[in-house]
Amino acid sequence: MLDPFDPDSLIVRAEVHILDIEPRISRTLELPMTLNLAQLHEVLQAAFGWTDNHLHQFNIGGLVYGAPEFDEDGLSDSRTFEATEVRMSDFQFPYDPRGSSLTILYEYDFGDNWRHLLRLEQVAREEGAKYPRCIAAARSGPPEDVGGPSGYAGFLETWLDPDHEDHKTMRLWAGRKFQPEACNLDTINKAIAKALRASKGDYRFRRES
């Protein structure tokens, strides 16, 4: 039986949704305490169906974490701290049974500006469960390069209207597999497991370079 006072008996549950989109596109993730932010990036990419073709960053209390090598010229207004050096266990979770969540922001593709809000809380680890995992999900992630939340709204309007002059073009561009309301937990969890195997505790692009 797990000891509720043992730190190893805890995990982090992350309620995540993409800002400025209704109805929400969301994922509920459960993460091991040993997971670092680079690995969390890989989990989020897999969970929402992103392809990691653009830059990203985590904003935590005004500090930016990610891959510092992408700002070697110092063009960013903020210093980027190394994502692999911060783990879930480094967060200070307030002890308050009425609400002990932390909030961080994950930004992906600075052109389209996809902002993901993460509400983190510590919960008891389920004995025998494998982490990280996705336990709940709503709606498919948007296609890459669709133009951010406003572009996605226009895309959906066209995609759903068979009488729109660009309907067929949008359907072809998005691909046959795209269904805005479709969401399969098994597929998401397989993608998460594959991403983490490939990343080996770091960013996949570093492992593959």
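Residue indices begin at 1 and follow the sequence shown.
Counting only distance, with no hydrogens or angles, the side chain of Glu82 and the backbone of Thr84 share a donor-acceptor pair below 3.5 Å. At distances below 3.5 Å, at least one donor-acceptor pair connects side-chain atoms of Thr158 with backbone N or O atoms of Gly154. Proximity of a side-chain donor or acceptor of Tyr131 to a complementary backbone N or O of Glu126 within less than 3.5 Å is detected. For the pair Gln45 (side chain) and Asp52 (backbone), a donor-acceptor distance under 3.5 Å is present. For the pair Gln57 (side chain) and Thr80 (backbone), a donor-acceptor distance under 3.5 Å is absent. With His167 contributing its side chain and Asp161 its backbone, the two residues share a donor-acceptor pair below 3.5 Å. Between the side chain of Arg125 and the backbone N or O of Leu10, no donor-acceptor pair lies under 3.5 Å. Counting only distance, with no hydrogens or angles, the side chain of Asp112 and the backbone of Gly147 share a donor-acceptor pair below 3.5 Å.
Ring pair Tyr65/Phe81 is tilted by interplanar angle, where 30° to 60° counts as tilted. Classification of the Phe205-Tyr203 ring pair by plane angle, with boundaries at 30° and 60°, yields parallel. Taking the six-membered ring where the residue is Trp, Tyr106 and His56 present tilted rings, their angle falling between 30° and 60°. Note on ring orientation: taking the six-membered ring where Trp is involved, the planes of Trp50 and Tyr108 are tilted (angle from 30° to 60°).
Taking Cys134 as the reference, Arg27, Leu29, Ala137, Leu185, Ile188, Asn189, Ile192 meet the side chain to side chain contact (heavy atoms under 4.5 Å, CB included) condition, with sequence neighbours excluded.
Just one residue in the list Ile104, Thr103, Ile18 forms a side-chain contact (heavy atoms from CB on, under 4.5 Å) with Leu117, and that residue is Thr103.
Residue-environment remark: CZ (Arg171) exceeds the threshold of 12 foreign heavy atoms within 6.0 Å.
Inter-residue side-chain proximity for Arg13 and Ile135 is flagged as met; some heavy-atom pair is nearer than 4.5 Å.
Between Glu107 and Arg115 there is no salt bridge, since no side-chain nitrogen of the basic residue lies less than 4.0 Å from a carboxylate oxygen of the acidic one. Checked for salt-bridge contact, Arg119 and Glu15 miss the test: no charged N lies under 4.0 Å from a carboxylate O.
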Run Ser199 and Glu42 through side-chain hydrogen bond (donor to acceptor under 3.5 Å, both in side chains) and show every step you take.
CA-CA 8 Å; Ser199 68; Glu42 301 294 347; 5.4 Å; no
I'd like to know whether Glu30 forms a salt bridge (Lys or Arg N to Asp or Glu O under 4.0 Å) with Arg133, so could you lay out the CA-CA distance, the side-chain angles of the two residues, the decisive distance to 0.1 Å, and finally the verdict.
CA-CA 5 Å; Glu30 293 188 336; Arg133 65 180 182 178; 2.9 Å; yes
